[in-house]
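Below is one structure, written out as structure tokens; the observations come after it.
In the text below, chain A, chain B and the rest are named by the order of the sequence lines, each starting its count at 1.
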Number of protein chains: 2
Amino acid sequence: MLSNLCTDLADGTLSGMPAHRTARERARAELTAAIKDEARSQLGKQGADGLSLRAVARELGMVSSALYRYFPSRDDLLTALIIDAYNALGDAVEKAAAGHETPRERWRAACHGLRAWALANRHEYSLLYGTPIPGYRAPLDTVTPATRVPAVFIGAVRDAWRAGETKPPFEGPEMSPELREQLRGIRDQLAPDLPEEILARAFIAWVQLFGMVGFELGGQFANTVDPADEFFTHTVEQLTLFVGLG
Amino acid sequence: MLSNLCTDLADGTLSGMPAHRTARERARAELTAAIKDEARSQLGKQGADGLSLRAVARELGMVSSALYRYFPSRDDLLTALIIDAYNALGDAVEKAAAGHETPRERWRAACHGLRAWALANRHEYSLLYGTPIPGYRAPLDTVTPATRVPAVFIGAVRDAWRAGETKPPFEGPEMSPELREQLRGIRDQLAPDLPEEILARAFIAWVQLFGMVGFELGGQFANTVDPADEFFTHTVEQLTLFVGLG
DNA sequence: ACAAATTCGAGAGCACTGCTCTTGACTTGC
DNA sequence: GCAAGTCAAGAGCAGTGCTCTCGAATTTGT
């Protein structure tokens with residue numbers, strides 16, 4: 001029933017208050033966390049649009065209208081869950097990548113870490129990368145935590161490039177000037193010295209990764225390469241080569 | 001209001017009845033098509049779970065309960081729409097591929113045709129390849145039309161292989177025996193002479209394609225390679241090389 | 001310490017959803 | 001022409017997100 005020690009900061013003002021000063025604030029923080037926990041639990045069972053405010057309130061023994069004092073709308077609850085999910089996935093991928101010496105190993109580990117987290121938390125993953133919920137518009141608060149995951153992948157490629165270990169196995173097609181321009185815009189922020197060719201390959205690998213996980217979660221591999229463990233591993237190896245980390 | 005001349009066969013018995021014999025059957029077929037049209041229209045505006053039987057009935061000037069005489073449940077309506085969408089996408093991809101001489105050109109055209117259809121019918125596309133609707137289980141009627149699209153892609157690769165034009169640009173990693181076994185199962189049905197290595201590459205390209213389209217539809221390219229036309233074209237060229245069609 | 005201001009839970013209620021059942025009118029086949 | 005089958009309509013059930021009001025509890029200002 002009660003857990004989740006690190007989600008207090010998602011509510012109230014963003015000033016770093018020392019602790020819960022009054023009993024009211026303490027109760028509010030606990031209830032906010034309890035609501036999110038219960039919502040996360042329901043999310044894991046039925047998916048995003050199975051999430052019912054009334055059911056959450058019912059399970060918590062309160063009346064549905066009382067819940068609106070903590071989350072102004074269903075979308076706000078979803079936003080809180082999305083931010084938590086981005087951070088949880090970011091933790092998982094960072095943790096999977098950490099401890100590996102070479103960029104290549106970190107890249108590999110990040111791929112497998114992403115898939116493992118997605119399979120273990122499929123509904124939360126769908127919340128992040130699945131079909132967008134109609135009418136829901138992600139607020140800006142989500143973009144920062146959303147950046148953590150790509151940062152791990154692009155970081156591995158960047159480190160490999162700086163170490164002079166990045167050699168794509170074949171020369172790709174020419175890139176249009178427009179595409180080069182787009183890629184330069186990204187590159188200047190994340191890895192200023194990376195060539196556009198490598199960045200484009202990393203981007204393709206990045207998309208491939210999410211295509212794989214999405215297909216597996218959506219059951220599109222049924223009757224083909226399901227279970228997909230072997231195929232996923234093979235694909236990761238191909239991508240590692242393709243990017244030039246092999 | 002009224003259109004869609006080729007959807008009559010989705011309702012009633014599957015025997016090929018010569019025409020609409022009685023006035024009743026004629027009216028029923030027309031109303032069934034009108035319901036699907038209106039539902040498709042609502043689907044295009046609000047997405048899958050924005051589809052409301054009551055709203056469809058309201059728009060058609062009938063009462064909601066009357067609609068259940070044509071579709072026993074909301075899921076049955078969705079199933080009909082899914083089958084139509086699979087066929088529409090199959091038509092689009094087949095039409096895009098047709099008329100091109102070489103397998104390579106057909107492959108390319110199929111990729112661009114798929115994306116074009118997805119962008120023009122994004123909610124229908126999400127219905128097919130997006131996050132699965134919770135509680136909805138696709139019946140077996142959907143698997144046959146779902147096969148048409150992959151058939152075009154695998155067919156292009158198969159033809160290229162038979163013509164001796166398939167040369168992957170680099171040697172990939174070893175495949176596990178389990179993966180080989182899975183791939184053999186698919187290969188024997190679709191392209192009995194295709195090597196596992198090529199089939200695996202085609203599968204990867206296939207997944208990549210849906211990853212690309214899914215990312216673009218989900219807005220995941222925002223602030224990076226959006227608009228994604230150039231990046232998509234470049235990715236298709238890379239995939240064409242990767243599979244060995246270059 | 002007491003009053004004012006704020007916050008909170010509970011309840012009623014609105015408009016909406018998918019779906020079921022019954023009723024009465026209509027069309028079909030014999 | 002009449003029984004059988006088919007249909008649209010309506011009422012109703014259980015559920016949803018959300019709004020509003022009303023006392024009670026708590027925090028805050030003096």
Side-chain angles (χ1 to χ4, degrees), chain A residues 8 11-13 17-36 38-39 42-43 45-81 133-137, chain B residues 11-13 17-36 38-39 42-43 45-81 127 133-137:
Chain A
D8 320 339
D11 123 83
T13 66
M17 47 185 67
H20 308 297
R21 303 187 342 174
T22 79
R24 199 164 226 162
E25 280 178 0
R26 178 176 192 83
R28 180 177 183 87
E30 273 184 15
L31 237 182
T32 305
I35 291 171
K36 284 206 291 186
E38 177 59 33
Q42 292 200 11
L43 194 79
K45 291 172 190 159
Q46 319 172 25
D49 32 52
L51 199 164
S52 154
L53 284 190
R54 295 183 107 112
V56 170
R58 197 181 309 127
E59 206 68 21
L60 259 50
M62 59 168 75
V63 115
S64 72
S65 60
L67 221 147
Y68 285 83
R69 302 234 177 243
Y70 298 85
F71 295 95
S73 77
R74 203 190 92 115
D75 281 2
D76 289 278
L77 215 192
L78 273 176
T79 299
L81 293 179
I133 297 149
Y136 173 81
R137 191 78 201 106
Chain B
D11 126 83
T13 65
M17 48 186 66
H20 307 297
R21 303 183 344 171
T22 78
R24 196 165 228 159
E25 280 176 0
R26 179 177 193 80
R28 180 178 185 86
E30 273 186 13
L31 237 182
T32 305
I35 291 171
K36 284 205 288 184
E38 177 60 31
Q42 291 201 11
L43 195 80
K45 291 172 190 161
Q46 318 173 26
D49 31 54
L51 200 164
S52 155
L53 284 189
R54 295 183 108 113
V56 170
R58 197 181 308 129
E59 208 66 22
L60 259 51
M62 59 169 76
V63 120
S64 72
S65 60
L67 220 147
Y68 285 83
R69 298 230 174 247
Y70 298 86
F71 295 95
S73 73
R74 203 190 91 115
D75 280 2
D76 289 278
L77 215 192
L78 273 177
T79 299
L81 292 180
L127 210 56
I133 296 149
Y136 174 81
R137 190 79 201 103

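- Position along DNA chain D of the nearest nucleotide to A:Ala55 versus A:Pro72 favours A:Ala55 as the more 5'-ward residue.
- As a whole-Å value, the separation of B:Ile133 CD1 from C:dG18 C1' is 15 Å.
- Proximity of A:Leu51 to A:Leu81: side-chain heavy atoms (C-beta onward) are separated by under 4.5 Å at one or more points.
- Of the inter-residue distances, the one linking B:Phe71 atom CZ with B:Leu78 atom CG reads 10.5 Å to the nearest 0.5 angstrom.
- Extent of DNA chain D lying under 4.0 Å from chain A heavy atoms, first and last nucleotide in 5' to 3' order, is D:dT16 to D:dT28.
- From A:Asp49, atom CG reaches atom CZ of A:Arg74 across 6.5 Å, with rounding to the nearest 0.5 Å.
- What separates CG of B:Leu53 from P of C:dG18 is a distance of 5 Å, to the nearest Å.
- When rounded to the nearest whole Å, the span between CG of B:Asp75 and P of C:dT17 equals 17 Å.
- For the pair B:Leu127 and B:Ile133, the minimum side-chain heavy-atom distance is below 4.5 Å.
- Not counting sequence neighbours, the partners of A:Ser52 by the side chain to side chain contact (heavy atoms under 4.5 Å, CB included) test are A:Arg54, A:Ala55.
- Residue A:Ser64 comes nearest to A:Ala57 through the heavy atom pair CA-CB, 3.6 Å, listed as atom of the first residue, atom of the second, then distance.
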Problem set entry | Stepwise side-chain contact (heavy atoms from CB on, under 4.5 Å) check, A:Tyr136 with A:Thr79 | CA-CA 9 Å; A:Tyr136 173 81; A:Thr79 299; 2.6 Å; yes
Seminar exercise, completed: Under a 4.0 Å heavy-atom criterion, the protein footprint on nucleotides 6-16 of chain C, written with B, S and -, is BBBBBB-B---
Problem set entry | B:Arg69 vs B:Leu31, side-chain contact (heavy atoms from CB on, under 4.5 Å): CA-CA, chis, key distance, verdict | CA-CA 11 Å; B:Arg69 298 230 174 247; B:Leu31 237 182; over 6 Å; no
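- To the nearest angstrom, P of C:dT28 lies 13 Å from CZ of B:Arg26.
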